[in-house]
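First up is the structure itself, then whatever we jot down about it.
Along the sequence shown, residues are numbered consecutively beginning with 1. Both backbone and side-chain heavy atoms feed into the values below; hydrogens, waters and symmetry mates do not.
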Amino acid sequence: MGNWLKTYHAQGHLAELMAALLLWVKGYQILQRRYKTPLGEVDIIASRGKTLIAVEVKFRASILQAGEAISLKQRKRIEMALSLYLKRLTWEPQNIRFDAIYLIPYKWPKHIVSAWFVER
C-alpha cells in the first residue's frame, strides 16, 4: 500500500467513503457517490425522507480551509450536475439541499447542513 494514501486522489476517495459512512449512520440513504456529468460532479447524493441532498466533501488541514475550498464556481457546477440527476429520478423530492462535510485530520467530521442555497 505504501504511499497510496499520500495522493490527493486517494485522500479524496477515503474522505468521501468516510462521509458516506457518516451520513449512513445518521440515517441518510446514499443514492450515488461520485456522480459525474459533463457539467460537474457531486461527491455524494443522498436522501432522507423526501429531501434530496447533494453533499460536497472536503478533506483539508483545517475547517477554515475546508470551507474556503468550496468556491462559487464549484457550487454552480454541483448545482448543474444535480439538475441532470433530477431528470432521471423516478420520485419528486419535496426539498433539495446542499450540504458539506469537512474532514480534518484527527477530528470528528463536520457535517454542515444547508451549506449553501441556490441563488435564483
Establish whether [X] and [Y] are linked, either directly or via other cluster members, by ILVMFWY side-chain heavy-atom contacts under 4.5 Å.
X      : Y     : result
Leu86  : Trp91 : yes
Ile104 : Leu64 : no
Met80  : Leu89 : yes
Val113 : Leu21 : no

Which heavy atom of [X] sits nearest to which heavy atom of [Y], and what is that distance?
X      : Y     : value
Leu52  : Pro93 : CB-CB, 3.9 Å
Ala54  : Val42 : CB-CG1, 3.8 Å
Pro105 : Ala61 : CD-CA, 4.2 Å
Arg60  : Ala69 : NH2-CB, 3.5 Å

Approximate separation, where rounding is to 0.5 Å, of [X] [atom1] and [Y] [atom2]:
X     : Y      : atom1 : atom2 : answer
Gln29 : Ile53  : CD    : CD1   : 10.0 Å
Ile96 : Leu82  : CD1   : CG    : 6.0 Å
Asp99 : His111 : CG    : NE2   : 3.5 Å
Leu23 : Ser47  : CG    : OG    : 10.5 Å
Ile45 : Tyr85  : CD1   : OH    : 5.0 Å
Ser62 : Glu68  : OG    : CD    : 7.5 Å

Could you check whether atom NZ of Lys26 has more than 12 heavy atoms from other residues, nucleotides or ligands sitting under 6.0 Å from it?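 Atom NZ in Lys26 is packed in, count exceeds 12.
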For a 4.5 angstrom cut-off between non-hydrogen side-chain atoms, does [X] reach [Y]?
X      : Y     : answer
Leu84  : Tyr35 : yes
Tyr102 : Ile70 : yes
Ile30  : Arg33 : yes
Phe98  : Glu79 : yes
Ile44  : Leu31 : no
Thr51  : Tyr28 : no

Test side-chain contact (heavy atoms from CB on, under 4.5 Å) on Glu56 and Lys58; report intermediate values, then the result. CA-CA 7 Å; Glu56 179 64 13; Lys58 290 296 177 192; 3.2 Å; yes
Does this structure show an ion pair linking Arg34 with Glu16, if we count only N-O contacts that are shorter than 4.0 Å?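 Yes, this pair counts.
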Kindly say whether [Y] contributes a backbone atom to a donor-acceptor pair with the side chain of [X] at under 3.5 angstrom?
X     : Y     : result
Arg77 : Leu72 : no
Asp43 : Val57 : yes
Thr37 : Leu39 : yes

